[in-house]
Undergrad: 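Quick one: structure below, then a few questions.
We're numbering straight along the sequence, starting at 1.
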Amino acid sequence: MKAPAAFGPPDLLAVNTLRTLSIDAVEKANSGHPGLPLGAAPMAYVLWRHFLNVDAKHVTWANRDRFVLSAGHGSALLYSLLHLAGFDVSLDDLKQFRQWGAKTPGHPEFHDTPGVEATTGPLGQGTANAVGMALAERMLATMYNRPGFEIVNHRTWALVGDGDLMEGIAYEAASLAGHWKLGKLTYLYDANDVTLDGPASLIFTEDVAARFVACGWHVETVAKGDDDLAGLANAMTIATTQEKPTLIIVKTTIGFGSPKKQGSCASHGSPLGASEVAATKRTLGWDEQAQFLVPPAAREEFATSAARGAAAHAAWNELFAKWGAAHPELLAQWRAGESGTLTSAQLAALPGYDAGKAIATRTASGQLLGKVAELAPWLVGGDADLGGSTKTIVAGGDFDGARGRNVRFGVREHAMGAIANGICYHGGLRPYTSTFFVFSDYLRPAVRLAALGHLPQLFIWTHDSVGLGEDGPTHQPVEQLASLRAMPGLITYRPADANETLAGWRIAMAGARGPVALVLSRQDLPVVSPKDTAGAERGAYVLRDAADPKALILATGSEVAIALGAAEELASAGIAVRVVSMPSWELFAAQPVAYREQVLPRGVTARVSLEAGTTFGWHRWVGDRGIAIGVDRFGASAPGPTIYEKFGLTQKAVVDAVKSLL
């Protein structure tokens, strides 16, 4: 693909249309970031007008190019692009920028705005999302392309800024992209040398080009990004010919055209002000009185690019139909990959475990992962250098940049989570990622964005408590369960045994709306729950009952077996106790009131909870009168059984607590 070597007045008109629409939206909202749109509009225009293949009428077309605005604070520019390119974003939507219920929120949000490919805003996330999209394209091309049928062949572009590239996640992601030689990935780096607080030289003086070259990228530079449209087009053309990812460093002026604020942090995160908007429009040769003006010639430029995308989509549809007819088995696999779910029959066929057998839930999960992977070739994922410990390596080989389904992310937890989010955004594959539970903190921002975007990523976290023992408090999660349960949209699932682990996998692969986190033990646990996982799939259920129970014991994970032992001891003393296994607060809270009352009857107020983590939040379930037994301190280095005894995570402690309540 090659853009024209020369550009004329209609192109400049279109660029300035993007600029003025953006500053008008910010000014009307009295909130936003005008600086980036004013400076980055030329590169965005050249990309969308001449390189990006998208279809505004079919926004989920599988073989479209992807554009990620990693510098999400410049969202007014993206919304202006979407409007001009024919997406379902109207001028009225631009006028509602940053307002309640609008399609044009302050930072781009996946699902909320047609054409937005990723939820960005926290800097650096979009850089890794784009790597995930390019990775998905490479994997899908290897999986489905056949001679004469190149049905997967598209590019990923990301607009990134100085702040993005300061974030550690950007380096992690760039390192992997270079290692994998993702040649269909390009970053457009808006190098305006200004941050929110002042000149970037205060804190960012490294040689960015050298850093990316060292990571295996090709680098181009456009010295006059404010107006050199031909130079921008040439750099983008070169990027499309590379076998490695490309960084295009575009030197721009933040707030370009603003007489008083261009080149200054004053234009970064605040409206220009009415008088400065008028002055900026005069500088750009614009009608200073006109607001949200779209000249017909500018709209025609974008109509041409829209027609190109629609034609590309139509041609692809014909090719895809012929490919499907020639390869019906691949078509069926493609459709299953689009859904990212297993059928009810497939889920029912996943085997359960016999009672009494002792097996770590991480081991059971690894066995189940292997069986799910056989059924779902579109399930891919990997680990942060811990696959042998998390039991997340499946048949199919390591991804080597072309083939393989085990993705070795190395010790890059944050990028791992965000890259997998990018795979989810892309579609066609279902990703899982894994590490030790305590290191969920290292990828937490990506977990939060997966929850915000309802992305079906599966997090597999092992070594779930102080029970892992000798590694000590640095590796023993204590507060993580409580903190993740506080995150809207995330299903946190800590199974008691292998059968409850099976329930977790069934929940995840049945199409949970959003991410699922399996929190698994290192140590062996006895199988205490039934093969019928219906109760566990509801988040909590009665595992051991008694006639007219006088007390309830609630537990999760490895502590459920302790709770059962306590119930037996209490029964021998004539005290009737019900044991409730509660692997997922979120799933249980979503159940009908009648079911929740059936499991936790309000009339039974003598309640004890047991969990090897902080007790924070447990009084939601045990009430003010109840007793929560847990670990409200950091762990210690000692054998797991010793830690449980010293911390009071024992059968005796539960028995004594129940008796004290009665």
Side-chain angles (χ1 to χ4, degrees), residues 339-357 359 361-365 367-369 371-372 375-376 430 456 458-460 485 489-521 525-547 549 552-561 563-564 567 577-602 604 607 609-611 621:
S339 75
T341 61
L342 295 180
T343 67
S344 56
Q346 288 173 320
L347 293 169
L350 294 176
Y353 292 80
D354 295 329
K357 181 179 181 180
I359 180 173
T361 53
R362 65 165 175 166
T363 302
S365 175
Q367 294 171 352
L368 292 162
L369 168 60
K371 296 182 182 301
V372 170
L375 299 170
R430 179 78 184 277
L458 177 58
F459 299 101
I460 302 174
R485 286 169 177 155
L490 173 68
I491 295 174
T492 304
Y493 194 91
R494 185 176 185 240
D497 64 2
N499 283 330
E500 286 193 4
T501 304
L502 169 61
W505 271 97
R506 285 175 170 164
I507 291 163
M509 299 309 297
R513 187 175 182 269
V516 176
L518 300 182
V519 182
L520 308 169
S521 74
L525 303 177
V527 175
V528 295
S529 69
K531 290 183 179 180
D532 180 355
T533 63
E537 290 175 44
R538 301 186 79 167
Y541 65 105
V542 178
L543 181 56
R544 184 191 187 279
D545 210 356
L552 307 178
I553 304 174
L554 291 66
T556 77
S558 48
E559 291 72 68
V560 170
L564 290 170
V577 173
R578 169 181 290 181
V579 175
V580 174
S581 180
M582 201 170 193
S584 175
W585 290 14
E586 300 82 17
L587 291 175
F588 183 63
Q591 297 303 312
V593 172
Y595 179 76
R596 299 201 306 269
E597 171 66 17
Q598 178 184 332
V599 175
L600 301 178
R602 283 171 290 178
V604 184
R607 301 182 181 188
S609 67
L610 178 65
E611 185 173 66
W621 307 112

Undergrad: For a 4.5 angstrom cut-off between non-hydrogen side-chain atoms, does Pro592 reach Arg538?
TA: yes
Undergrad: Within this structure, what is the CD-OG1 distance for the pair Glu611 and Thr556, rounded to the nearest 0.5 Å?
TA: 3.5 Å
Undergrad: If only atom types and distance count, is the side chain of Arg602 paired as donor or acceptor with the main-chain N or O of Glu597 below 3.5 Å?
TA: no
Undergrad: Side-chain contact, heavy-atom cut-off 4.5 Å: Asn499 with Pro530?
TA: no
Undergrad: Would you compute the distance between atom CD1 of Ile507 and atom OG1 of Thr533 and round it to the nearest 0.5 angstrom?
TA: 7.5 Å
Undergrad: Does some side-chain heavy atom of Leu552 sit less than 4.5 Å from a side-chain heavy atom of Pro601?
TA: yes
Undergrad: Quick one: CZ on Arg485 to OG on Ser584, what's the gap to the nearest 0.5 Å?
TA: 8.0 Å
Undergrad: Compare all side-chain heavy atoms of Leu600 with those of Phe588 and state whether any distance is below 4.5 angstrom.
TA: yes
Undergrad: Could you tell me whether the side chain of Pro495 reaches within less than 4.5 Å of the side chain of Leu520, counting heavy atoms only?
TA: yes
Undergrad: Heavy atoms only: give me the nearest Pro351-Leu368 pair and the separation to one decimal.
TA: O-CD2, 4.1 Å
Undergrad: Please check this pair: side chain of Arg506 against backbone of Leu347, looking for a donor-acceptor N/O pair closer than 3.5 Å.
TA: yes
Undergrad: Which is it for Tyr353 and Asp497 under the side chain to side chain contact (heavy atoms under 4.5 Å, CB included) test, yes or no, and what are the steps along the way?
TA: CA-CA 9 Å; Tyr353 292 80; Asp497 64 2; over 6 Å; no
Undergrad: For Pro583 versus Ala536, what's the shortest heavy-atom pair and its separation?
TA: CG-O, 4.0 Å
Undergrad: Would you say the side chain of Met509 lies within less than 4.5 Å of the side chain of Arg430, judging by non-hydrogen atoms?
TA: yes
Undergrad: Please round to the nearest 0.5 Å and tell me the distance separating atom CG of Leu458 and atom OH of Tyr493.
TA: 12.5 Å
Undergrad: OH/Tyr541 to CG/Leu587 distance, rounded to the nearest 0.5 angstrom?
TA: 13.0 Å
Undergrad: Would you say the side-chain atoms of Ser365 and Trp505 include a donor-acceptor pair closer than 3.5 Å?
TA: yes
Undergrad: What are the two closest non-hydrogen atoms of Leu543 and Val528, and how far apart are they?
TA: CD1-O, 3.6 Å
Undergrad: Quick check: does any side chain N or O of Thr361 sit under 3.5 Å from a backbone N or O of Ser521, one acting as donor and the other as acceptor?
TA: yes
Undergrad: Does Leu350 reach the side chain of Leu375, with side-chain heavy atoms less than 4.5 Å apart?
TA: yes
Undergrad: Could you pull out the closest heavy-atom pair between Pro515 and Gly489, with the gap in Å?
TA: CD-O, 3.5 Å
Undergrad: Are any non-hydrogen side-chain atoms of Val527 and Asp354 less than 4.5 angstrom apart?
TA: no
Undergrad: Does the Thr343 side chain pair with the main chain of Gln346, one donor and one acceptor, at a distance under 3.5 Å?
TA: yes
Undergrad: Just verifying a value: how many Å separate Gln367 CD and Leu502 CG, rounded to the nearest 0.5 Å?
TA: 11.0 Å
Undergrad: Looking only at heavy atoms, which two atoms of Leu342 and Ala376 are closest? And how far apart?
TA: CD2-CB, 4.1 Å
Undergrad: Can you tell which of Glu500, Glu586, Glu559 makes a salt bridge (charged side-chain N to carboxylate O under 4.0 Å, His left out) with Arg494?
TA: Glu559
Undergrad: With a 3.5 Å distance limit and no angle check, can you tell me whether Arg607 reaches the backbone of Trp621 through a side-chain donor-acceptor pair?
TA: yes
Undergrad: Between Val579 and Ala567, what is the shortest heavy-atom contact and its length?
TA: CG2-CB, 3.5 Å
